[in-house]
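Presented below is the structure to which this report refers.
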Amino acid sequence: MKDIVVNVLEKVLSGKLKKGEIEKFLEVPPQQEMGDFAFPCFALAKIEKKNPLAIATDLSEKIRKNLPKEISGVEVKSAYVNFFIDKKFLAEKVLKEATKKGYGSSKEGNGKKIVIDLSSPNIAKPFGIGHLRSTIIGGSISNIASYLGYKTVKINYLGDWGTQFGKLIVGYNNWGDEKKLKDNPIAHLLELYVRANDEQYEQAARDEFRKLEEGDKKNLALWKKFRDLSLKDFNEIYEFLGVKFDVISGESLYNDKMGPVVNKLEKKGLLKESEGAMVVDLDKEGLGVVLIKKNDGTSLYATRDLTAAIDRFEKYKFNRMIYEVGQEQKLHFKQVFRVLKLLGYDFSDDCVHVAHGLYLGEDGKKFATRKGKTVMMKEVIKETYEIAKKNLLSREAKLSDLDLDHRAHSIALSAIIYGDLKNYRENDVVFDIDKFLEFEGNTGPYLLYAYARASSILRKVKSKKQKVEIFDLSPQETALLTKLQNFPNVVKSAYDQLAPNLIANYSYELAQIFNEFYHAHPVIGSKEEAFRLKLIDAFRNVLKTGLGLLGIDVLEEM
RNA sequence: GCCCGCGUAGCUCAGCCUGGAUAGAGCACUAGCCUUCUAAGUUAGGGGUCGCAGGUUCAAAUCCUGUCGUGGGCGCCA
C-alpha cells in the first residue's frame, strides 16, 4: 500500500529524493478526511529554496498525470500532498490478507534463539506485583518474538539463594510454627522473615547462610522445604495466568559453580580486595563497584548472575538474552554485562535488560517487602475473578458452573493482563486495585466484549455463502479497514521496541472503531451483508491474534 | 553528594525512540440513545500555557541545555 505511494512520488520527484527518504517523510494523516497518506513538502522546500505550498501544488499536478489505479486522488492542504487510496482496492486487499491465520507474522526470526529471563520471584516471599509485571511483560514479549519466527526459551529464575535464607532460618529456628506453615506458608514465612530482619540477628543470619552455602544438611533441608512450599503457591498464579516456562531454574543452581568464574576474574586481574571483600572496580567507568565475595567468603547476587549468564550461553547459544526485571536493577545489569565483556564474553553485547517500572503505593513510593509492605497478587487475582463472576450472574445469564468459571476466568485475566500491558512498561504506575476491578472503558473486558459481539453476529447468520460485493464505504468501514491494514506494522514495532503496550493500545483502538461500526450499521439483512461479514471476520481474526500476543484468551460469548 | 527515570485534563495513563496539520483515551461530571445483530456498548458537551526557562528548527509535548519538583539506584540484600 505504502510502496504504491512511494513509487509514484519517486517517479514524480525524478531523483530529488531517494526512495528511503521519501518513505521516511511519508506519514499517516491525523484525520480520515485528509486521506490515507500524506507527504509533507517542507524538507523539499528547503532544498529547492521554494515556497512549500507551491511545491506541493506542483507535485500534486504531476502526480495526477501519473495516477495509478490504486490511488483515487490527491489533494493539497497546507504544504502536504494527501493521497487517497482507492477504497475498493483497499477493501479487497485487506479482506484477503487480514482474514488469514498468521496475519502479521513473519520469518525474520527464523533460526534465531532468544532466552528470556522472566517472572523470577523470590522464594519465601509473597508473589508481588512487580513479579506479576515481569511475568506478563516477559510472557508477551516471548509471544511476539515467537510470532515473528524466533525460537524462545523462557526461564523462570527464582530468587532462591542468598542471605535472606539465613534470616529465614534464624526466624524459623526461633519462632517457626508448623501449623501456621501448613495453613498459610507464604504468610508465615514472611512473618518470620520480617521478624528476623533486625540488626540484632544480622550476624546469626549471615552465619546460617554461610552454613547453607557450605552444605549443612539441616539448613539445606529447611531451604528445600521453604522452596517447595513457595513454588506450590506460585504455581497457582502461573496457572491462572496461563504462563508456562521452558525452564524453572534459580540462583541456587549455581551454588557450587561459581568457583571457576571467580578464578577467571582473578586470573584476568579484575578482582581486588576491598574492606575484606572481593570486588571488581568499575568506578572509573561510572558503574561503581561490583561485589563478588563478602568478607566471610560467601557469594552475592552479581556472582550468581555472572555464572548463570555464562552457563546459559554455553547451554543455549542464544542470539539474544532478555532480562525482564524491574528498573531498580538497572545498575546491577549494567555491571554484570560489563564484567562479562571484561572477561572476554562478547555475548554480553546480546544481553539486554528490559526494565519495567515500579508499581508504587498510594503514597507514590515503592512497596518494600522488607518492611512487610506488599501487595499479595493472589488476593488481587481472586478478587478480580469474584467480581467478574458476580457481574456475569447479575446479567441474568443462565450459565452452567463450568461456563461461568470459564468466562469469569477469561474476563479477570483480560482485566489484569491488559490493565498492566496498556501502560508503557518502563514507566512507574500507581497501583490501584480498583483498576483491575474496573471492566468498563479502556479495559480488557471492553476488548473481549467487542470480540464477543462480533462473534455473535457471525453466529446468527444463516446462509453464509454470498458473493462479496463492495459498495461505497462508510467512514466507519474505511476506518476499520485502514486500522486492520496496519496490524503487521504494529507487531513489528512492538518487537523492535520490546513494547507490548503498542499492541495493547492498537487493540483498544481497533475495538473502539469496531464498536462505532457496530452501532452505525446493521449487518444481517443489509445489502452490504456479505462484505460486512467478511470485514467482521477480519476484525475478529486480528483482535484475537493481538490479544493472544498479550496473553489474553478471547471469549466467543460473554 | 553522584548516577538513572518521571513531570501531559480533577484522577489514572497514551503519544516522546523516528519533530509536522485543531495534543488523545479512560475514570469522574452533564445531556441523549435498548420493539433491530449482547447497553461490560454508543452519541454529544465541559475540562490542557504538555512543570518552568532558554536553545536548535520553516515546524518542539517530542531533540539539546539549565532549573524546580518527584521516584529509584549507589560494597558485604536480591
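Numbered from 1 within each chain, the chains take letters A, B, ... in sequence-line order.
Using a 4.0 Å cut-off, no side-chain N or O of A:S274 falls inside it from OP1 or OP2 of B:G75. OP1 or OP2 of B:A78 lies within a sub-4.0 Å distance of a side-chain N or O belonging to A:R304. Contact check, A:R453 against B:A39: a side-chain N or O comes under 4.0 Å of OP1 or OP2. Between A:Y446 and B:U42 there is a side-chain N or O to OP1 or OP2 distance below 4.0 Å. Phosphate proximity of B:A21 to A:N82: absent, as no side-chain N or O sits under 4.0 Å from OP1 or OP2. Contact annotation: A:N391 side-chain N/O to B:A40 OP1/OP2 distance is not under 4.0 Å.
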Dump every N/O contact between nucleotides 46-48 of chain B and the protein below 3.5 Å, one line per pair.
none

Distances under 3.5 Å between nitrogen or oxygen atoms of protein and nucleotides 65-71 of chain B:
none

Distances under 3.5 Å between nitrogen or oxygen atoms of protein and nucleotides 22-32 of chain B:
| unit_1 | atom_1 | unit_2 | atom_2 | d |
| --- | --- | --- | --- | --- |
| B:U22 | O4 | A:Q31 | NE2 | 3.3 |
| B:A25 | O2' | A:Y508 | OH | 3.2 |

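The separation between A:F83 atom CZ and B:A21 atom P is 18 Å, rounded to whole Å. Atom CZ of A:F333 is separated from atom P of B:C3 by 23 Å (rounded to the nearest Å). Rounded to whole angstrom, the span from the CD atom of A:Q476 across to the C1' atom of B:U42 amounts to 12 Å. For A:D434 and B:A40, the CG to P distance is 20 Å, given to the nearest whole Å. One atom, CD of A:E27, and another, C1' of B:G15, lie 15 Å apart when rounded to the nearest Å. In this structure, the CG atom of A:L502 is 12 Å from the C1' atom of B:C16, given to the nearest Å. The interatomic distance linking A:H356 (NE2) with B:C4 (C1') rounds to 16 Å, in whole Å. Atom CD of A:Q203 is separated from atom P of B:C76 by 14 Å (rounded to the nearest Å).
Picking from B:C77, B:A21, B:U43 the nucleotide with the shortest atom distance to the side chain of A:E516 gives B:U43. Minimum atom distance to the side chain of A:K330 is reached by B:C4, of the listed B:C4, B:A14, B:A40. When the nucleotides B:C77, B:G75, B:A21 are ranked by their closest atom to the side chain of A:S78, B:A21 comes out on top.
Nucleotides B:A21 and B:A61 place their P atoms 9 Å apart, quoted to the nearest Å. The separation of B:C4 from B:C58, taken at their P atoms, amounts to 31 Å, rounded to a whole angstrom. Rounded to whole Å, the separation between the C1' atoms of B:C13 and B:A59 comes to 27 Å. Using P as the reference atom, B:G5 and B:G66 are 13 Å apart when rounded to the nearest Å.
Using bins of under 30°, 30° to 60° and over 60° for the plane-to-plane angle, the ring pair A:W223/A:W161 lands in the perpendicular bin. The aromatic rings of A:Y508 and A:Y446 sit tilted, their planes meeting at an angle between 30° and 60°. Taking the six-membered ring where the residue is Trp, A:Y80 and A:F42 present perpendicular rings, their angle passing 60° and hence far from 30°. Ring orientation note: the planes of A:F431 and A:F436 are tilted relative to one another, at an angle of 30° to 60°. A:F226 and A:Y172 have perpendicular rings, their planes meeting at more than 60° on a 0 to 90° scale where under 30° would count as parallel.
Residue-to-nucleotide proximity on RNA chain B shows that, of A:K77 and A:E202, the 5′-proximal contact is made by A:K77. Mapping A:K334 and A:N505 onto RNA chain B via the closest heavy atom, the residue that lands nearer the 5' end is A:K334.
Within 4.0 Å of A:I411, counting heavy atoms only, lies at least one base atom of the nucleic acid. A:D432 comes within 4.0 angstrom of no nucleic acid atom, judged by non-hydrogen atoms across all strands. A:V429 comes within 4.0 angstrom of sugar-phosphate atoms only, judged by non-hydrogen atoms across all strands, and of no base. If you check every strand for non-hydrogen atoms under 4.0 Å, A:E251 touches sugar and phosphate atoms only.
B:C16 is unpaired under the criterion used here, namely a Watson-Crick or G-U wobble arrangement in which both key atom distances are under 3.5 Å. B:C33 is paired with B:G41 under the Watson-Crick or G-U wobble criterion, all donor-acceptor distances under 3.5 Å. Here B:C50 sits opposite no nucleotide as a Watson-Crick or G-U wobble pair (both hydrogen-bonding atom distances under 3.5 Å). The partner of B:G10 is B:C27, by the rule that a Watson-Crick or G-U pair needs both atom distances under 3.5 Å. A 3.5 Å limit on both hydrogen-bonding distances identifies no Watson-Crick or G-U partner for B:A59. In this structure, B:G75 forms no base pair with any nucleotide, since neither Watson-Crick nor G-U wobble geometry is met with both distances under 3.5 Å.
For the pair A:K125 and A:Y193, the cation-pi test (distance below 6.0 Å, angle within 45°) is passed.
Sorted by residue number, the members of residues 518-527 of chain A with any non-hydrogen atom under 4.0 Å from RNA chain B read A:Y518, A:H519, A:H521, A:P522, A:V523, A:I524. Within residues 38-60 of chain A, the residues that place at least one heavy atom under 4.0 Å from RNA chain B are, in residue-number order, A:A38, A:F42, A:K46.
You won't find any donor-acceptor pair under 3.5 Å spanning the side chain of A:Q164 and the base of B:C77, going by distance alone. Below the 3.5 angstrom threshold, one finds a donor paired with an acceptor across the side chain of A:R395 and the base of B:A40.
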Between A:Y323 and A:F337, does the ring pair (Phe, Tyr, Trp, His ring centres under 6.0 Å) criterion hold? Intermediate values first, please. CA-CA 11 Å; A:Y323 289 90; A:F337 299 160; 5.8 Å; yes
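Evaluation of the side-chain contact (heavy atoms from CB on, under 4.5 Å) rule for A:T303 yields A:M258, A:V262, A:I292, A:S299, A:L300 as partners, not counting sequence neighbours.
Looking at A:F165 and A:E208, their side chains never come closer than 4.5 Å, going by heavy atoms from C-beta outward.
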